[in-house]
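In the text below, chain A, chain B and the rest are named by the order of the sequence lines, each starting its count at 1.
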Number of protein chains: 2
Amino acid sequence: MGGSFEVIRSRTNAVLKRARNVGRGKEAGFVLIEGERLIRDAVSAGHVPEVLIAAEGQLEAYRDLATNGDLATRTEFRVCADTLLEGLGSLKTAPGLAGIFREPATTAIDGLPGLVGDGPALILGVAGIQDPGNLGALVRVAEAAGAAAVVVAPGGARPFGSKALRGSMGSLFRVPIVLPESLGSAVERLASLGFEQCVGATRGGQSLRSHPFSERTVVWMTSETGEMPAELEGCTGITIPMRGRVESLNVTVAGALLLYAAASGATGRRELPAILN
Amino acid sequence: MGGSFEVIRSRTNAVLKRARNVGRGKEAGFVLIEGERLIRDAVSAGHVPEVLIAAEGQLEAYRDLATNGDLATRTEFRVCADTLLEGLGSLKTAPGLAGIFREPATTAIDGLPGLVGDGPALILGVAGIQDPGNLGALVRVAEAAGAAAVVVAPGGARPFGSKALRGSMGSLFRVPIVLPESLGSAVERLASLGFEQCVGATRGGQSLRSHPFSERTVVWMTSETGEMPAELEGCTGITIPMRGRVESLNVTVAGALLLYAAASGATGRRELPAILN
């Protein structure tokens, strides 16, 4: 697509205006990604920006992106005065690079069977997580634990806002995201696919230490306040044993402990002399 | 100690000035604690504030504190215009309650044997964590996993700053904090007490899934950037298996997985049919 040699020097420039709009979630279907690391993660995962805006003073570091095959033909490259990259999105300090990307493609619930196959599989289900940073962090740990997909029920943080993308450290570009029409329909479909459905429960559930996870497991994580949606009442509550006078764990920490415990079951590696087995 | 009936209506009031100073870490030996929940946690753990400042509009919710035995005799109670509680410490919105507390007592390295006894014991060691929120969150998960103490080596975030206290959700008031003179002296002393010393290693260590943790284990967590201090080179590196293209996990998440895995060993519960055993 090329671009322009003209350096943007005005905050009211149309490209910057659009970037700010996208950063505020006001242009459906697009996301603003800030910072070299996250943009390179997106590009490595096959995502091609519509627009890349580089700070004049840091241009050298990004020159290779302009010769990347897909980007060279499909991306509009712009250069702008360094400080004008401030305040585009959620970063407090100006990043050297910002990009407007199409939102990663998501999968409808009907596409789930194609993602999880017939054998052992682990899925993270998210129902009502409000903080986009927590949502992103959960997707990061789900990828690390080997989840085949993340199901995000309606009614919580958007998976592709800037904060969620940043919290995921790029995992949201790589893990398939399934968006069901409702939590109930997701639960029903997962049951029909033979998944054991577990849900993190602050208290009263089966102990994480003794629950024998199935080879096909969904770990549902619910809102930070601990409210349990009615649709998940039939799930197996799993409680992380806590000593001292700790009342709860951070939702990402809890999710990590559950996903790693379930992963040992879900990958069928019971024969290992394993701590997490 | 009583207090004053006079409602503080000026930002330059001496009590507020002191609270701001303490909030900025400028009065050695004292900490500012903001918010009802954290203050009640501190009080429940036996800490008595020197001063409690309540917002006029929310006074009713805190009246019981004024009749608490120790506080009634030792705390100066003040009431202030609601908005004046803004900007005392690290909170973005004004808390309804703020308190000036003495820093919780810490233990020198010589006090460690008294904290850990001779049997199974788990310790969290912190060496170079820079973000106070991460430090607090690690102490929270250490308490939950049953750690007998947290050793904080010099050179990282202060354990009793406002952000660390908040991140710990009160755990910093309850878990004994050991402050050695140096990382090297802590390592030496722990070895002499028969502890296996493990350290989270992003790559190249023994797998968390297969390492047989000892009944007396220290889990060292190092700086967020992954730098390994020379003093910890003799420790057993433990690596959390990661799939996908995740390069690392958040330090709190990694700490949680290590502490919970080590806890199963450290409590000698190998006979359980356990996920984390």
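Chosen from A:Gly170, A:Ala45, A:Ser248, the residue pairing most often with chain B at heavy-atom distances under 4.5 Å is A:Ser248.
The number of heavy-atom neighbours closer than 6.0 Å to CG of B:Asp118, taken from other residues, nucleotides and ligands shown, is 12 or below.
Minimum heavy-atom separation, B:Val253 to A:Ala256: CG1-CB, 3.5 Å. Contact between B:Ala144 and A:Val246 at its shortest, heavy atoms only, is N-CG2, 3.6 Å.
In this structure, the side chain of A:Tyr260 does not engage the main chain of B:Ile240 through any donor-acceptor pair within 3.5 Å. Remark: side-chain polar atoms of B:Glu143 are not paired, donor with acceptor, to backbone N or O of A:Arg243 under 3.5 angstrom.
Heavy atoms closer than 4.5 Å to chain B are found in the side chain of A:Arg174, but not in its backbone. Interface remark: A:Ser44 contributes backbone and side-chain atoms alike to the contact with chain B (heavy atom separation under 4.5 Å). When heavy atoms are compared at a cutoff of 4.5 Å, A:Thr252 approaches chain B by way of both its backbone and its side chain.
Looking at A:Arg37 and B:Glu247, a side-chain N of the basic residue comes within less than 4.0 Å of a carboxylate O on the acidic one, giving a salt bridge.
Put simply, OG on A:Ser171 and CZ on B:Arg245 are 10.0 Å apart, with the number rounded to the nearest 0.5 Å.
Annotation: side chain of A:Asn250 is in contact with side chain of B:Arg140 (closest heavy-atom distance under 4.5 Å).
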